[in-house]
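Everything on this sheet refers to the single structure shown next.
The figures that follow rest on heavy atoms only: side chains count, while hydrogens, waters and symmetry mates do not.
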Number of protein chains: 2
Amino acid sequence: MSALSDLYQEYIECLNNQRWHELENYVDRNVAYNGQIVGLAAYREARENEFREIPDLQFSVSILVCDEKMVASRLDFDISPIGKFLGMPVNGRRISFSEHAFYEFDKRKIVTVWSVIDKAAIQAELPKRHSL
Amino acid sequence: MSALSDLYQEYIECLNNQRWHELENYVDRNVAYNGQIVGLAAYREARENEFREIPDLQFSVSILVCDEKMVASRLDFDISPIGKFLGMPVNGRRISFSEHAFYEFDKRKIVTVWSVIDKAAIQAELPKRHSL
């Protein structure tokens, strides 16, 4: 059996190629995201929505650390969300930022995700709001 | 020699107890933080400033993943910064959030840190600004 790092890279390829029907091979049906059980269907829907709202979305792993049951990943993004992103008016601008995520695996499927996105980096790239 | 996880926990204890003279045992003198070489002196000064601005600062490791040369850590904070924190007017309120950080070690010292703080979580805890 391959290491979790290989399995994780397969999961990222699955996302990048939007092979949604294969997602169940990597994500548990009771997956939890940032402390809430969302389940596979909602997890898939959230990822599909991201690709709709960010047509050039690609996940790029720049750091990967793993042990027997967990993967930690730094993901770099260089993307152009169409409208708002995390509540910020990006409106098609190209933004670059990273996400740091931890994934807990059970029986070789992701059961828990803890993700933090570098919102401060994005805010720094957007024009300042005009003072009234 | 102990695993990097043990060494990292010692580093966190060193911070929590503000044993600044011991920091050089864990941090390389050419340490880089989020892509910039800052060096040990400035790294120490930044951490000392944090404890001045956040008197109840404590680092609490909730997830730790490590391999032979890297540590990935989820750090939970439950703190009350006196004034502004990351540009936000916290003003003594108690806030809870996490930081996800990657540490690269060389010769058992931290040479590179990549850190992302969950600024969105903090923003959600602060009162909304009044509209003008």
Side-chain angles (χ1 to χ4, degrees), chain A residues 3-8 32-36 60-78 84-88 90 95-106 110-126 128-132, chain B residues 3-8 32-36 60-78 84-88 90 95-106 110-126 128-132:
Chain A
L4 281 191
S5 55
D6 292 340
L7 188 63
Y8 178 74
Y33 187 87
N34 284 350
Q36 289 201 304
S60 171
V61 178
S62 62
I63 300 176
L64 192 54
V65 185
C66 76
D67 60 20
E68 305 75 38
K69 68 178 256 193
M70 294 205 76
V71 167
S73 167
R74 178 176 165 95
L75 295 156
D76 293 336
F77 297 94
D78 191 8
K84 282 198 173 188
F85 180 65
L86 305 177
M88 293 173 284
V90 176
I95 52 173
S96 299
F97 62 94
S98 295
E99 173 183 359
H100 286 188
F102 289 90
Y103 306 80
E104 186 187 356
F105 284 74
D106 183 43
I110 295 166
V111 289
T112 312
V113 182
W114 293 101
S115 156
V116 176
I117 290 173
D118 195 351
K119 192 173 176 183
I122 303 169
Q123 284 172 327
E125 289 175 79
L126 298 179
K128 298 268 175 284
R129 283 189 209 173
H130 295 288
S131 307
L132 290 179
Chain B
L4 280 192
S5 54
D6 293 337
L7 188 63
Y8 178 74
Y33 187 88
N34 283 351
Q36 288 201 304
S60 172
V61 178
S62 62
I63 301 176
L64 191 54
V65 184
C66 77
D67 60 20
E68 304 75 37
K69 68 178 255 190
M70 294 204 77
V71 166
S73 168
R74 176 174 166 95
L75 295 156
D76 292 338
F77 297 94
D78 191 7
K84 283 197 172 188
F85 180 66
L86 305 178
M88 293 173 285
V90 176
I95 51 173
S96 299
F97 62 95
S98 296
E99 173 183 359
H100 286 187
F102 290 90
Y103 305 80
E104 186 186 356
F105 284 75
D106 184 42
I110 295 166
V111 289
T112 312
V113 182
W114 293 100
S115 157
V116 176
I117 290 172
D118 195 352
K119 193 175 176 182
I122 304 169
Q123 285 173 326
E125 290 175 78
L126 297 179
K128 298 266 175 287
R129 282 190 210 173
H130 295 289
S131 306
L132 290 180

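Contact of B/Gln123 with chain A is made through the side chain alone, with heavy-atom distances under 4.5 Å. Only the backbone of B/Leu64 comes within contact range of chain A, judged by heavy atoms closer than 4.5 Å. Heavy atoms closer than 4.5 Å to chain A are found in the backbone of B/Ile117, but not in its side chain. Contacts of B/Ala121 with chain A are absent, with no heavy-atom separation under 4.5 Å from either backbone or side chain.
Comparing A/Lys119, A/His100, A/Glu104 by how many heavy-atom pairs each has under 4.5 Å with chain B, the most go to A/His100. Most heavy-atom pairs under 4.5 Å with chain A: of the set B/Ser98, B/Ala101, B/Ala120, B/Ser73, this distinction falls to B/Ser73. No other option in A/Leu86, A/Val65, A/Asp118 has as many heavy-atom pairs under 4.5 Å with chain B as A/Val65.
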### Task
Give the intermediate values and the outcome of side-chain contact (heavy atoms from CB on, under 4.5 Å) for residues B/Val113 and B/Asn34.
CA-CA 6 Å; B/Val113 182; B/Asn34 283 351; 5.5 Å; no
### Query
Could you walk me through whether B/Leu7 and B/Val71 pass the side-chain contact (heavy atoms from CB on, under 4.5 Å) check?
CA-CA 10 Å; B/Leu7 188 63; B/Val71 166; over 6 Å; no
### Query
How far apart are the C-alpha atoms of A/Asp67 and B/Asp67, what are their side-chain angles, what is the distance that settles it, and do they pass the side-chain contact (heavy atoms from CB on, under 4.5 Å) test?
CA-CA 7 Å; A/Asp67 60 20; B/Asp67 60 20; over 6 Å; no
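With sequence neighbours excluded, no residue forms a ring pair (Phe, Tyr, Trp, His ring centres under 6.0 Å) with A/Phe105. A/Tyr8 is linked by a ring pair (Phe, Tyr, Trp, His ring centres under 6.0 Å) to A/Tyr11, A/Tyr103, counting only residues two or more places apart in sequence or in another chain.
Across all their heavy atoms, A/Met88 and A/Leu126 have their closest contact at CB-CD1, 3.8 Å.
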